[in-house]
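Following: one structure in structure tokens, then a few remarks.
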Amino acid sequence: MQLEAIDIGFGYKKNSWIFRHVHMSVSRGEIVGLVGPSGAGKTTLGKILSGYEKPSEGLVRLNGSPLPSKGYHPVQLVFQHPEKAVNPKWRMKEILHEGWNPDDELLERLGIEKDWLRRWPNELSGGELQRFCVARALGPSTQFLIADEMTTMLDSITQAQIWQVVLDMAQKRNMGILVISHEAHLLNRICSRIIDISQV
Amino acid sequence: MISINKRQKTVVISTITTVILLAILVIGLLISNDRIVTNLDSRNLPPSLSHPFGTDWLGRDMLIRTLKGMSMSIGVGLIAAASSVMIAVSLGIMAATLGRVVDGIISWLVDLFLSVPHLVMLILISFVLGGGMKGVVIGLALTHWPSLTRVIRAEVMQLQCAEYVQTSRRLGKSQWFIAVKHTLPHLVPQFLVGLFLLFPHAILHEAAITFLGMGLSPHQPAIGIILSESMRYLSTGMWWLALFPGLCLLLVVRAFDLLGEVLRSFVDPYRANE
Amino acid sequence: MSTLEIHDLSISFTKYSKGLRQETTQVIHNLNVSINKGEIVAVVGSSGSGKSLLAHAILGILPGNASVKGRIVYDGQELTEQRKAELRGTEIVIVPQSVKFLDPLMKIGSQVQTSVRKGNAAVAQKKIFEKYKLKPLVEKLFPFQLSGGMARRVLLSMAVVSEANVVIADEPTPGLDADVIKEAEISFRELADNGSAVMLITHDIEFALKTADKIAVFYAGTTVEVAPVSDFSGKGENLRHPYTKALWRALPQNEFIPIKGSQPLANHLPKGCPFAPRCENATLDCLKEMPEEKMLRGGMVRCLYAT
């Protein structure tokens, strides 16, 4: 049971590669860090693994078969900037329930106040919005989570709050997590191993 | 002194303008053609209380002719602007979603239409279709879509790349769901603003080609006809034939322009909270 | 004397709530901060808590629906809107959050050169580019062509070459690699050593602690504590406010334990201490009114029970 990148390369133009020959895998229940200099394609790799982008070469396999192209995607991605990941014309409640209906306990643990549900995204700050994006991505069919600088813009309390919930859920559901981050302390705290994109 | 905020002012302005425009439209439709029959007893009268806009060389009341003309113009403008917006929205969405070939063709069409002056294109189309009401309306509809198409195309393309739209797809939502729930709400303001800003263009162009004699036929009470006829009598000192209808045209066009502007500032997030 | 002093600053916004009704929301309440020549003060708080507005208020670039109360004093004289406009970009500069603040049609090289006030602009620009590992090629690029990290370095270099008296950096770190952050720390220190007063607005405590002299902790629109950097150590025993302690303990290199709940929204603030609903030690007195600022062990705190 694992998410694998096999000999993946990506470039927008021919012969101008952002990266090539990337091999890596994350098993279910495993928490892996992904580091590398900025511009090395960490975000792109995250998008490829979660089906947002197609690799220019190589393939991604989930439990031995290709990523599904329809339906709820088993690999979910949480972006760095939640402001862009929510539709400004939807109320928070609709946004939260787009994929599944999280229970009250999860909302409480994430520090989401009931009152926020009837608000518009522009009434909440990035930290508050990110809690919604995390809740949205943790649907029952999520097998892997890609956290692309998920808590980089947040204060330490919110960061710890979100990670506590995510790690707990990962353990309960045997979920695999790829943590893309610059923060060494965070990676050392939560990951069982760390991959450097420039060395795979 | 009652202080009103910008939004309230906006609502007041738009209500007043809408009422005026609707009144012109309705009055024009309600007045029967009997009111503008030839009445040779009262020919060429300057403005007075019984004929505020004066009368023409056949003794017809100019106020009533103007009202009928304006209401006709508003009607024609409405149909033309609405069809243009429809064309623009369909082409814009097609260009943004159906791949590079379609996009290429539509963008080429937009460039083509934008590179030929509006009026020339309009005259050509209207002429080919044999002029008259049908020619003018189709001509107007076919010439006013290109710039709005560009706007819609860009908007849809941007929305397609938005992170929340992409996420929606990974949450298992269908293309249809995304189009209706994510894309459409963002396009509604563009439709409305586009509609209102196209309107004055359509009316002016209608008046212009009718004035040039290539639009509506002379027996219809169009504003362009009134203006072109009046030209022949101007030199004899009958200034009221051109002045009042001209002013009315200006007023109506300005009213629509104002509505469009007001609507735009309402919709524009950077100006909405002032 | 402080280069920049902010007294009792309050900022509120008028917005449309429902349909035609307007509603005023106060985003910053009675905030006090001062920065001396040669000093770096970091304003630390969670993102979206209104920290950036502080910078915008000092520069006089708040949007039209904002109203500002309180006093901002620069160099002994009150900063009026007119004076802000005169000094903005020359004596008071900002390192903005993104390249959106740059002129989109001007090449990067020339933009950086326009910030240079003394000496040869081209030379200064080349020197700073070398220091920040920006290739000479970058000079000829337009702002939209820069990658995230590159953009940050460019923005930073503009502030450094300006040698302004007051430098305000708004979230300078996200997206930077460890070695560029290191470089940024050094540059801010150099700026201060050359006599600038530097204000860092950030959510990144780690960076703030490495770079600043004093930390002003921002919560729900006001500063709840101002503490020297040295107080952030161990289990946070020397810290004054329970929020600061929680912030310190939640760091991944410390205990990584969060407290419950979330910061109240600006238009939903409790009447008393804004932190009271999340505070273990809160009493009925805390709910009555916002605690006054008090000086304590060389710092400031807004808490009735701080010792």
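It should be emphasised that the depicted structure is a prediction, and the values quoted were computed from it without experimental measurement. Lettering follows sequence order; numbering is per chain, from 1. The basis for the numbers below is simple: all heavy atoms, side chains too, and nothing from hydrogens, waters or symmetry mates.
Between the side chains of A/Gln159 and A/Thr151, at least one donor N or O lies within less than 3.5 Å of an accepting N or O. There is a side-chain donor-acceptor pair under 3.5 Å between A/Gln143 and A/Asn63.
For A/Lys70, no part lies near chain B; criterion is any non-hydrogen pair under 4.5 Å. For a residue to count as touching a neighbouring chain, one of its non-hydrogen atoms must lie under 4.5 Å from one of that chain's; by this rule B/Ser168 touches chain A with backbone and side chain alike. Interface residue A/Tyr52: backbone and side-chain heavy atoms are both found under 4.5 Å from chain B. Only the side chain of A/Trp90 comes within contact range of chain B, with at least one heavy atom under 4.5 Å from a heavy atom of that chain. At a 4.5 Å heavy-atom cutoff, the contact between A/Ser50 and chain B is made by backbone atoms alone.
At distances below 3.5 Å, not a single donor-acceptor pair connects side-chain atoms of B/Asp257 with backbone N or O atoms of B/Val253.
The shortest distance between side-chain heavy atoms of A/Val179 and A/Val32 does not fall below 4.5 Å.
Among A/Gly99, A/Cys133, A/Ala85, the residue with the largest count of heavy-atom pairs under 4.5 Å with chain B is A/Ala85. In terms of heavy-atom pairs under 4.5 angstrom with chain A, the leader among B/Arg170, B/Lys173, B/Lys181 is B/Arg170.
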| message | Applying ring pair (Phe, Tyr, Trp, His ring centres under 6.0 Å) to B/Phe196 and B/Phe191, what does each step give before you reach the verdict? | response | CA-CA 9 Å; B/Phe196 278 97; B/Phe191 299 166; over 10 Å; no
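Aromatic ring pairs are classed by plane angle as parallel below 30°, tilted from 30° to 60° and perpendicular above 60°; the pair B/Phe199 and B/Phe256 is parallel.
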